[in-house]
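The figures that follow rest on heavy atoms only: side chains count, while hydrogens, waters and symmetry mates do not.
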Amino acid sequence: MKELLNKILSKLEREDRPRIRFRRGDKLPLMMAIASIISASATYMVLSGTAAYARKLSALRAVTPESADFTFEAYSYEPATTKRNILLSVTDGEELCRVHVLTFDEDKHTLEILDIPPDTFVSCGGFEGTLAEAYETEVYAEIVSMALSLHLDGSMATSIETVSDSINLLGGVKLTLDKELKIGDNIISKGERTVLGSVARIILSDSASYSESDSDRISAYHQLLVSFISTLKEKGAVEWVSLTLNLIVNRVETDMAVSEIIELINLLNETQTENININLITIENSK
């Protein structure tokens with residue numbers, strides 16, 4: 001694998017050959033490059049995820065659906081066939097820490113990120129409880145889909161350790177704080193800096209900021225998230241995938257096929273940073 005990556009990257013870096021340039025809408029070169037990087041281990045991971053997804057669907061269909069009895073405020077999705085909705089979940093230890101729905105608009109090249117507090121209470125499909133409790137079930141993605149009345153094109157789950165390790169491999173992300181930030185026993189001073197994994201882990205794990213309605217801490221996390229995505233784009237898809245391949249293969253769970261993951265990378269590559277918006281859901285009835 002290491003020799004294969006070196007060969008691919010060396011071809012891109014040779015000065016006596018034209019450099020590969022990826023034009024918007026020209027997906028074939030990028031797809032070929034990423035497909036060359038993704039190993040048989042990734043295929044095994046996807047096949048295992050597909051089997052687990054089939055079991056989840058069977059369990060959900062055995063339950064008689066009920067109407068949702070909760071209301072999400074200040075955010076709604078407009079139906080559009082050009083949009084791809086991906087559920088992204090981040091865990092802290094064994095507990096759900098962050099929940100996001102990433103909505104890519106293939107035509108407008110925008111990315112809307114829906115930030116949902118893990119203690120959001122939902123009642124649908126025979127389930128009643130928080131999203132954190134739903135995560136422990138076999139039909140978590142289906143519960144989120146029914147709760148939002150939103151079709152999900154795929155789901156991914158990882159840990160705060162994996163995200164923070166990715167940030168280290170990328171060389172850090174930029175963060176600017178207008179004032180000092182206190183998270184538990186940790187204090188992050190104000191100012192502009194490049195944040196590495198240790199500080200990123202503190203911000204990532206701060207799910208208590210939702211229940212405490214701390215807008216400064218929530219804003220810091222949103223800034224970290226956008227900066228992380230921006231850093232991926234700056235590195236370029238081939239480089240960041242090669243850097244984080246081991247983490248992607250071994251520490252990310254997904255029900256998406258390899259071709260779908262490649263398409264998702266393409267969508268991210270085509271999204272302009274200024275077209276990334278994060279919306280925090282507010283809940284009327286929570287646990």
Side-chain angles (χ1 to χ4, degrees), residues 24 27 30 34 46 49 53 72 74-91 96-118 120 131 134-135 140-160 162-164 166-167 170 173 200 203-204 207 210 218-219 221-235 237 240-241 244 247-248 251-281:
R24 178 175 293 182
K27 299 180 180 180
L30 181 56
I34 302 300
V46 171
Y53 184 62
F72 288 119
Y75 194 88
S76 63
Y77 281 96
E78 61 180 67
T81 56
T82 61
K83 293 186 178 182
R84 297 278 300 279
N85 302 308
I86 308 299
L87 173 62
L88 173 62
S89 306
V90 182
T91 59
L96 187 65
C97 181
R98 304 282 183 178
V99 184
H100 305 298
V101 173
L102 311 180
T103 299
F104 293 88
D105 191 309
E106 300 178 34
D107 290 340
K108 297 179 180 178
H109 306 294
T110 59
L111 171 59
E112 298 286 336
I113 303 176
L114 184 59
D115 186 9
I116 315 173
T120 300
L131 289 181
Y135 187 75
Y140 164 66
E142 288 71 32
I143 289 172
V144 174
S145 177
M146 292 175 68
L148 294 173
S149 297
L150 181 72
H151 171 72
L152 295 176
D153 297 285
S155 65
M156 307 180 77
T158 189
S159 66
I160 59 172
T162 301
V163 178
S164 59
S166 298
I167 288 174
L170 293 171
V173 298
I203 298 174
L204 280 162
S207 59
Y210 298 120
I218 294 172
S219 177
Y221 170 66
H222 288 175
Q223 185 184 157
L224 180 74
L225 184 58
V226 172
S227 182
F228 178 62
I229 296 173
S230 300
T231 302
L232 294 179
K233 288 178 57 57
E234 290 171 6
K235 289 288 183 182
W240 72 255
V241 170
T244 61
L247 298 181
I248 294 172
R251 291 162 62 178
V252 176
E253 298 179 3
T254 182
D255 59 14
M256 302 172 67
V258 172
S259 59
E260 293 174 312
I261 295 173
I262 294 173
E263 181 64 20
L264 195 62
I265 293 172
N266 273 300
L267 291 175
L268 181 64
N269 191 52
E270 294 171 357
T271 302
Q272 300 299 318
T273 303
E274 60 269 20
N275 291 333
I276 300 175
N277 297 303
I278 300 181
N279 301 276
L280 175 65
I281 267 186

Can you confirm whether [X] sits close enough to [Y] that some side-chain heavy atom of one is under 4.5 Å from a side-chain heavy atom of the other?
| X | Y | result |
| --- | --- | --- |
| Leu267 | Asn269 | no |
| Ile143 | Tyr135 | no |
| Ile229 | Ile276 | yes |
| Leu268 | Leu232 | yes |
| Thr91 | Thr158 | no |
| Tyr140 | Ser89 | yes |
| Lys233 | Thr273 | yes |
| Ile218 | Leu280 | yes |

Quick one: does any side-chain atom of Thr120 pair with a main-chain N or O of Ile116 as donor and acceptor, under 3.5 Å? no
Keeping Thr244 on the side-chain end and Trp240 on the backbone end, is there a donor-acceptor pair under 3.5 Å?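 Yes, the answer is positive, given that a donor and an acceptor are paired below the 3.5 Å cut-off.
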Side chain to side chain contact (heavy atoms under 4.5 Å, CB included) between Asn277 and Leu111, worked out: CA-CA 6 Å; Asn277 297 303; Leu111 171 59; over 6 Å; no
So, Thr110 and Asp105: side-chain donor and acceptor under 3.5 Å apart, yes or no? no
Pairing donors with acceptors under 3.5 angstrom, does anything connect the side chains of His151 and Asp153? yes
Quick one, Leu224 with Leu204, criterion side chain to side chain contact (heavy atoms under 4.5 Å, CB included). Give me CA distance, side-chain angles, the key distance, then yes/no. CA-CA 9 Å; Leu224 180 74; Leu204 280 162; 4.1 Å; yes
Quick one: which of Leu87, Val101, Asn85 gives a side chain to side chain contact (heavy atoms under 4.5 Å, CB included) with Leu114?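 Output: one option passes, namely Val101.
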Could you check Ser159 against Thr162 for side-chain hydrogen bond (donor to acceptor under 3.5 Å, both in side chains), going step by step and ending with a plain yes or no? CA-CA 5 Å; Ser159 66; Thr162 301; 3.0 Å; yes
ring-ring contact (aromatic ring centres under 6.0 Å, His included) partners for Phe104, two or more places apart: none
Separation of [Y] [atom2] from [X] [atom1] (nearest 0.5 Å):
| X | Y | atom1 | atom2 | answer |
| --- | --- | --- | --- | --- |
| Met156 | Glu253 | CE | CD | 10.5 Å |
| Phe228 | Ser164 | CZ | OG | 10.0 Å |
| Ser155 | Leu102 | OG | CG | 11.5 Å |
| Leu264 | Ser259 | CG | OG | 11.5 Å |
| Ile160 | Ile203 | CD1 | CD1 | 11.5 Å |
| Arg84 | Thr103 | CZ | OG1 | 11.0 Å |

So, for His100 and Tyr221, is the gap between ring centers shorter than 6.0 Å? yes
Chi angles and distances behind the side-chain hydrogen bond (donor to acceptor under 3.5 Å, both in side chains) call for Asp115, His222: CA-CA 9 Å; Asp115 186 9; His222 288 175; 2.7 Å; yes
Exercise: identify the closest heavy-atom pair between [X] and [Y]:
| X | Y | value |
| --- | --- | --- |
| Ser145 | Leu150 | OG-O, 2.6 Å |
| Leu152 | Ala141 | CD1-O, 3.5 Å |
| Met256 | Gly154 | CG-CA, 3.8 Å |
| Ile167 | Ala200 | CD1-CB, 3.6 Å |

